[in-house]
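In what follows, residues are counted from 1 in the order of the sequence shown.
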Amino acid sequence: MAADTNKTRRIGDVEVSAIGLGAMPMSIEGRPDEERSIATIHAALDAGITLIDTADAYHLTATDDGHNESLIAKALASYGGDTSDVLVATKGGHLRPGDGSWTLDGSPKYLAAAAEASLKRLGVEAIGLYQFHRPDPKTPYEDSVGAIRDLLDAGKIRMAGISNANPAQIKQAQEILGGRLVSVQNQFSPKFRSSEPELELCDELGIAFLPWSPLGGITNASELGAKYPAFQTLAAELGVSPQKLTLAWMLAKSPIVIPIPGSSRPETIRDSYSAVDLELTAEQVAALDAA
């Protein structure tokens, strides 16, 4: 663990910024034009963010598979500075057929092909972090995670993670991967706290916990303060946004927590990342825990 765990944290043996960029809003419904998206990614890099979260399913139509991965690759290639320390975390196992729905395919055959496609879109020799996106009821969980293990063993991916998993699945994945599970990406926010058991288990095991939709999701993030008065009140006292306070609260819960707020505007990701500089007291964290 790095000395300043409020600004940097670890995923496996890689040090990353304590807050990452969730890139999904740049590729799904309501996505901005490419110029603004690339400006947002560049703003994140300028701020000090070195973790970018994506997935092959982050696209809009049936013909633009991997839109988000390709966008990130383009933004990194056009960035003026050094990007060698940027970890791009992608996922496989979710699909979007183009009608607005989300479907699942956790079969080993699909995951192997999906990882190959992600490799090519990202333009890398090995994917930095590859995560099984969501359990597929049609495929035994051990088969899906076994496919991730095979990718790891083959050197196609450098690190392995899972997403949308319960405690039993975390333990099972850790066993299947031979102790090499480095991350769990679950929904967690003031609104959605049922992932507390997973967070606590990751803390015990020393596995990075990546909250997705930490501000409540694309449509709800702006209303976070209005919906959760305790966050609004403390944020006002501290002179910060409720969103920034929420991320600081998550960082204070455990050094294994690395929130990945979604963003499609430079100003919002800059505000989110500034949460690394907001230190809360134990009493403030406890009050928000109880809110």
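- Within the 4.5 Å cutoff, side-chain heavy atoms of L245 are placed close to those of L288.
- Looking at S107, its side chain does come within 3.5 Å of a backbone N or O of Y110 through a donor-acceptor pair.
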Exercise for the section: For K191 and K227, run side-chain contact (heavy atoms from CB on, under 4.5 Å): C-alpha distance rounded to whole Å, both residues' side-chain angles, the deciding distance at 0.1 Å, then the answer. Expected result: CA-CA 9 Å; K191 175 184 178 181; K227 291 185 175 180; 5.5 Å; no

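- A donor-acceptor contact shorter than 3.5 Å links the side chain of K91 to the backbone of T54.
- For CD of E267, the number of neighbouring non-hydrogen atoms (other residues, nucleotides, ligands) closer than 6.0 Å is greater than 12.
- Using a 4.0 Å cut-off between charged nitrogen and carboxylate oxygen, K253 and E196 count as a salt-bridge pair.
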Handout entry: M26 vs I41, side-chain contact (heavy atoms from CB on, under 4.5 Å): CA-CA, chis, key distance, verdict
Key = CA-CA 10 Å; M26 303 179 207; I41 296 170; 3.8 Å; yes

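- Interatomic distance, CG of L21 versus CD1 of I260, reported as 9.0 Å (0.5 Å rounding).
- Using a cut-off of 4.0 Å between Lys/Arg side-chain N and Asp/Glu carboxylate O, R180 and E175 are scored as not salt-bridged.
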Handout entry: Worked verdict on S254 versus D203 for side-chain hydrogen bond (donor to acceptor under 3.5 Å, both in side chains)
Key = CA-CA 7 Å; S254 168; D203 187 63; 2.6 Å; yes

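- More than 12 heavy atoms of other shown residues, nucleotides or ligands fall within 6.0 angstrom of atom NZ in K138.
- Side-chain atoms of S78 come within 3.5 Å of backbone N or O of A75 as a donor-acceptor pair.
- With rounding to the nearest 0.5 angstrom, the CD atom of E116 is 3.5 Å from the NZ atom of K156.
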Exercise for the section: Go through D53 and L129 one step at a time and tell me if the side-chain contact (heavy atoms from CB on, under 4.5 Å) criterion holds. Expected result: CA-CA 9 Å; D53 176 76; L129 172 59; over 6 Å; no

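- Remark: side-chain polar atoms of D136 are paired, donor with acceptor, to backbone N or O of G106 under 3.5 angstrom.
- Rounding to the nearest 0.5 Å gives a distance of 10.5 Å between SG of C202 and CD of E200.
- Going from atom CG of L45 over to atom OG of S17 covers 9.5 Å, rounded to the nearest 0.5 Å.
- Using bins of under 30°, 30° to 60° and over 60° for the plane-to-plane angle, the ring pair F132/Y141 lands in the tilted bin.
- Checked against K171 for a side-chain contact (heavy atoms from CB on, under 4.5 Å), the options N166, I176, L201 give a single hit: L201.
- Aromatic pair W249/F231: ring centres closer than 6.0 Å.
- Side chain of N164 to backbone of H133: a donor-acceptor contact under 3.5 angstrom is found.
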Exercise for the section: Apply side-chain hydrogen bond (donor to acceptor under 3.5 Å, both in side chains) to the pair S163 and Q131, showing each step before the final yes or no. Expected result: CA-CA 6 Å; S163 183; Q131 301 162 104; 5.8 Å; no

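- A 4.5 Å side-chain heavy-atom check between I72 and R121 finds every atom pair outside the cut-off.
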Problem - Criterion side-chain hydrogen bond (donor to acceptor under 3.5 Å, both in side chains) on D85 and T50, from CA distance to verdict - result: CA-CA 6 Å; D85 62 343; T50 58; 5.3 Å; no

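- In this structure, K244 does not pair ionically with D277, as no charged nitrogen and carboxylate oxygen lie closer than 4.0 Å.
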Problem - Test salt bridge (Lys or Arg N to Asp or Glu O under 4.0 Å) applied to E15 and R9, step by step - result: CA-CA 6 Å; E15 186 174 80; R9 303 208 161 174; over 6 Å; no

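- In this structure, Q187 contributes its side chain and W212 its backbone to no donor-acceptor pair below 3.5 Å.
- More than 12 heavy atoms of other residues, nucleotides or ligands lie within 6.0 Å of CD in E29, so this atom counts as buried by the packing criterion.
- For the pair V88 and E69, the minimum side-chain heavy-atom distance is 4.5 Å or more.
- Counting only distance, with no hydrogens or angles, the side chain of Q243 and the backbone of A221 share a donor-acceptor pair below 3.5 Å.
- Under a 3.5 Å cut-off, the side chain of S263 and the backbone N or O of T268 do not form any donor-acceptor pair.
- One finds a salt bridge joining R31 and D64 here, because a Lys/Arg side-chain nitrogen approaches an Asp/Glu carboxylate oxygen to under 4.0 Å.
- Checked for salt-bridge contact, D46 and R270 miss the test: no charged N lies under 4.0 Å from a carboxylate O.
- Remark: side-chain polar atoms of R36 are not paired, donor with acceptor, to backbone N or O of T40 under 3.5 angstrom.
- With hydrogens and angles ignored, the 3.5 Å screen pairs a side-chain donor or acceptor of N186 with a backbone N or O of A165.
- Here Y273 contributes atom OH and I19 contributes atom CD1; the two are 8.0 Å apart, rounded to the nearest 0.5 Å.
- To the nearest 0.5 Å, atom CZ of residue F209 and atom CD1 of residue I11 are 12.5 Å apart.
- Taking every heavy atom of both residues into account, A23 and N68 meet most closely at O-ND2, 2.8 Å.
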